[in-house]
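Right, one structure below, let's go through it.
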Amino acid sequence: MEAVIPKPVRVRIAPSPTGFLHVGTARTALFNFLFARKNGGVFIVRIEDTDTGRSEKRFEDNIIEGLTWLGLTWDEGPDTGGSYGPYRQSERKDLYRTHLESLLERNLAYHCFCTKEDLEAQKNYMIASGIPPKYSGQCGALEKDDVARRITGGVPSVIRFKTPTRKLSFIDVIKGKIEVDTELIGDFTIAKSVEEPLYNFTAAVDDELMEISHVIRGEDHISNTPKQILIQEALGFHAPSYAHLPLILGPDKSKLSKRHGATSILEYRDEGYLPEALANFLALLGWHPGDEREFYSLEEISAQFDLSTINKSNAVFNIQKLDWFNAHYIRQKSDDDLCVLCLPYLTKVGLVDASTDTEKVKKIIALEKDRLKKLSDIVPLSEFFFSLPEYETEMLVWKKSDAATVAKSLAASYEALAALNAASFTKEAIKSALDTVVTEFGTGATYWPVRVALSGKDASPGPVEIAEILGKEEVIKRIHAGVTRLNIE
RNA sequence: GGCGCCAUCGUCUAUCGGCUAGGACACCGCCCUUUCAAGGCGGGAAGACGGGUUCGAUUCCCGUUGGCGCUACCA
């Protein structure tokens, strides 16, 4: 049963530009996007760059680029604008200051002058004494003029929220009822100063100001939710619905991170993963459409998407399944499209340049299509077309035959192919030329050595197809080399 | 340590009290076949444990165990 969505749906992805677009963030963005599209809502990108020390524009650019590449589109954001902007928190400081001052004036927040060292000592003491560590609240008891004097005196301070002690619970769309005792939270910091608000505060303010209806985010944020609810209540804000997504895990079952290898979306792009494959894979991590289909476009998924059917438990990121999706979508591509997609990988390693016959390259790619898991696989798979790799003469000998027989069959193949007209060196012509050899030596003893002589590999596409692409001159040369090697040994 | 969340094949998952526990990836075998890939067919592989509730529990409740997350003047 689908949940009734009462208010206009407005959801957001709120990445912090302190690193490249992460797989986890991308999946969260995807789910927000899907939910918005399903419900005719608005999807917003909001850059949470309050940490000025770690935030960088290049990371913001990377995030936008990654989301775009994945196939997501948004209605409001730092690049697209919108009537709830600005969409960078660094540009919203006036808004935060107003609400911060409101809290301060009403004694719902206070300046704290404790030094980091003091705090550390207090925390260690509490841990050692077996009491749950939290801020003592001591600065909350300071007299007003004392506070003013310290501030004008330039004593460093932060702003803490005066956390009311009570049981707090909220209904998570995915997890159900979540209960916490705010006693354990203590007076947490909401800003370094009125000019430098911190995450939990800005998130609460912006979710209200941007009229966010549903906060869909990773479950690592569950413990932030009560803090944000407390701030909303203090400021008289409305509470959005919350949906905490299960996490994506690495193979060792810990939260997916850099030490698990590629976590940046654009790294996957650069390795040769298709956006439709990654999106399809990510969407099915923690959610399923109800039937046993596996392949879905973003449009098809958004038509069926439902928050209430999202799984509660974390999911391991299985690269082999991604590869399977990717191989599928690669096979769906037309030869022309795949050629455009693969070309950069070939040019990058110098196999192909402006002078290369693109028709030949396209044929190579079409031939290797079924063997590609990633676009970058085209390089190792097609290298032999451009230059014959080193190989052991031994490899020319088919396992069910012997060196002497193979030497004879390869020589016969040479003769048969040499007799062909270079201008009509087609698959059909090559095939029928080799048929005479097959008649005498059998299929395996004929094709195997030809294939190895042409590719230098023990695993490759069929020799007839390779030969057609290589052209008569190169084919004759390679086979001749093979025959020579067999006769020498 | 404290708090929170979670718990079906190795992995992603189906099951919303009747199950010979279904599908997919991966793996293995067979077919196709000169090799590899693709494709087709088949196989092994799961309900963490202990209590309840019930005619009947994978499914509902409690406990245990385990995993993960959070525990910043990061987000």
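Worth saying up front: this structure is predicted, and the values here are computed from it rather than measured. The sequence lines fix the lettering, A, B, ..., with proteins before strands; numbering per chain opens at 1. Basis for what follows: all heavy atoms, side chains included, without hydrogens, waters or symmetry-related copies.
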So F281(A) and N326(A), do their side chains get closer than 4.5 Å, heavy atoms only?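 No; the side chains remain at least 4.5 Å from each other.
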Which nucleotide in the set [options] lies at the smallest distance from any side-chain heavy atom of [X]?
X: K175(A); options: C73(B), G10(B), C6(B); result: C6(B)
X: N311(A); options: U35(B), G10(B), U13(B); result: U13(B)
X: S223(A); options: C70(B), C5(B), U13(B); result: C70(B)
X: T189(A); options: G2(B), C68(B), C73(B); result: C73(B)
X: R160(A); options: C73(B), G23(B), C12(B); result: C73(B)
X: E48(A); options: U34(B), A75(B), U11(B); result: A75(B)
X: L249(A); options: C73(B), C68(B), C6(B); result: C68(B)
X: V316(A); options: G4(B), G69(B), C12(B); result: C12(B)
X: T443(A); options: A38(B), G69(B), U34(B); result: U34(B)

Ion pair present between D377(A) and R371(A), side-chain N to carboxylate O less than 4.0 angstrom?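 No, no charged N to carboxylate O under 4.0 Å.
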Does K427(A) pair with E465(A) as a salt bridge, N-O distance under 4.0 Å?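 No.
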Can you spot which of P132(A), S223(A), P226(A), P164(A) makes a side-chain contact (heavy atoms from CB on, under 4.5 Å) with I185(A)?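 Between I185(A) and the candidates, side-chain contact (heavy atoms from CB on, under 4.5 Å) is satisfied uniquely by P226(A).
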Can you work out whether Q320(A) or D51(A) has the more 5'-proximal nearest nucleotide on RNA chain B?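 Of the two residues, Q320(A) wins.
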Let me spell it out: for each of P463(A) and L284(A), pick the nucleotide of RNA chain B with the closest heavy atom. Which residue's pick is nearer the 5' end?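 Final value for this comparison: L284(A).
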Pairing partner of [N] (Watson-Crick or G-U wobble, both distances under 3.5 Å):
N: A45(B); value: none
N: G10(B); value: C25(B)
N: A57(B); value: none
N: A38(B); value: none
N: U20(B); value: none
N: G69(B); value: C3(B)

Hey, what's the ring geometry for F295(A) with H328(A), parallel, tilted or perpendicular (30° and 60° as the breaks)?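 Ring orientation of F295(A) relative to H328(A): parallel.
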How are the rings of F237(A) and H99(A) set relative to one another: parallel (under 30°), tilted (30 to 60°) or perpendicular (over 60°)?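 It falls in the perpendicular class, over 60°.
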Quick one: is [N] close enough that its OP1 or OP2 comes under 4.0 Å of any side-chain N or O from [X]?
X: K253(A); N: G69(B); value: no
X: R217(A); N: A75(B); value: no
X: K192(A); N: A72(B); value: no
X: T50(A); N: A75(B); value: yes
X: K255(A); N: C70(B); value: yes
X: W448(A); N: U34(B); value: no
X: H288(A); N: U13(B); value: no
X: N224(A); N: U71(B); value: no

Under 4.0 Å, heavy atoms only, any strand: does [X] hit a base, just the sugar-phosphate, or nothing?
X: K123(A); value: sugar-phosphate
X: E196(A); value: nothing
X: L184(A); value: sugar-phosphate
X: G442(A); value: nothing
X: H221(A); value: base
X: S460(A); value: base
X: P15(A); value: nothing
X: L198(A); value: sugar-phosphate

[N] [atom2] sits how many Å from [X] [atom1], rounded?
X: L381(A); N: C36(B); atom1: CG; atom2: C1'; result: 9 Å
X: Y199(A); N: C73(B); atom1: OH; atom2: C1'; result: 17 Å
X: K227(A); N: C74(B); atom1: NZ; atom2: P; result: 12 Å
X: K134(A); N: C73(B); atom1: NZ; atom2: C1'; result: 19 Å
X: F201(A); N: C73(B); atom1: CZ; atom2: C1'; result: 15 Å
X: I430(A); N: U34(B); atom1: CD1; atom2: P; result: 18 Å
X: R371(A); N: U33(B); atom1: CZ; atom2: C1'; result: 12 Å
X: K321(A); N: C12(B); atom1: NZ; atom2: P; result: 10 Å

Looking only at atom [atom1], what distance separates [N] and [M], rounded to whole Å?
N: C41(B); M: U8(B); atom1: P; answer: 29 Å
N: A7(B); M: A14(B); atom1: P; answer: 10 Å
N: A46(B); M: G51(B); atom1: P; answer: 22 Å
N: C62(B); M: C70(B); atom1: P; answer: 26 Å
N: G10(B); M: A48(B); atom1: P; answer: 11 Å
N: G47(B); M: C12(B); atom1: P; answer: 16 Å
N: G40(B); M: U58(B); atom1: C1'; answer: 33 Å

Check for me whether R331(A) meets the cation-pi criterion with Y329(A), that is, NZ or CZ under 6.0 Å from the six-membered ring centre and within 45 degrees of the ring axis.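 R331(A) over Y329(A) ring: no.
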Taking T182(A) for the side chain and R166(A) for the main chain, is one N or O donor matched with an acceptor at less than 3.5 Å?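 Checking the backbone N and O of R166(A) against the side chain of T182(A), a donor-acceptor pair under 3.5 Å is found.
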K134(A), NZ atom: more than 12 neighbouring heavy atoms under 6.0 Å: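 Count over threshold, so yes.
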Using the rule given for side-chain hydrogen bond (donor to acceptor under 3.5 Å, both in side chains), can you reason through T115(A) versus D118(A), listing the C-alpha separation, both sets of side-chain angles and the distance that settles it, and then say yes or no? CA-CA 5 Å; T115(A) 64; D118(A) 288 345; 3.2 Å; yes
